[in-house]
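Both ligands and their constituent atoms are indexed starting at 1 by order of listing.
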Amino acid sequence: MKISSLLVGLLLSLNVFASRIEADVIGMTCGMCVESITKELKATEKVEHIRIDLDAKLLSMEEVKGKKISDSEIKNAVKKAGKQYEAMKIRRKS
Ligand SMILES: [Cu+2]
């Protein structure tokens with residue numbers, strides 16, 4: 001038990017696991033909205049594998065290894081795509 005939690009801690013500190021991020025995004029109405037938001041998030045160069053489900057209003061992506069993106073950076077990137085968009089309830093799962 002102890003050794004396995006030490007190992008997980010070590011792997012986490014080495015950033016071996018891609019950190020998964022999810023958020024709700026409001027204000028999207030069509031595929032163009034999805035494209036613009038995806039483009040702005042990609043431009044941060046801190047996230048990859050960006051998926052946006054328009055119907056579920058759900059954004060999911062992974063942090064690029066060795067990079068850290070803050071909640072406000074995520075919110076700003078989404079807002080930059082259009083001021084009607086807003087990222088909410090940002091969840092992080094390692
Ligand atoms: Cu649209």
Near the Cu ion (ligand 1), meaning under 2.8 Å, the protein N/O/S atoms are Cys30 SG, Cys33 SG

In this structure, CD of Glu22 is separated from CD of Glu62 (nearest 0.5 Å) by 10.5 Å

Taken to the nearest 0.5 Å, the spacing of Lys79 NZ from Ser72 OG works out to 13.5 Å

Going by chain and number, the hydrophobic cluster around Ile21 (ILVMFWY, side chain to side chain under 4.5 Å) further includes Val25, Met28, Val34, Ile37, Leu41, Val47, Ile50, Ile52, Leu54, Leu59, Met61, Ile69, Ile74, Val78, Tyr85, Ile90

For atom NZ of Lys80, is the number of surrounding heavy atoms from other residues, nucleotides or ligands below 6.0 Å larger than 12?
-> no

Taking only Lys NZ, Arg NE, NH1 and NH2, and the carboxylate oxygens of Asp or Glu, determine whether Arg92 and Glu63 approach each other closer than 4.0 Å.
-> yes

Check: Is there side-chain contact between Ile26 and Met88, with at least one heavy-atom pair below 4.5 Å?
Finding: yes

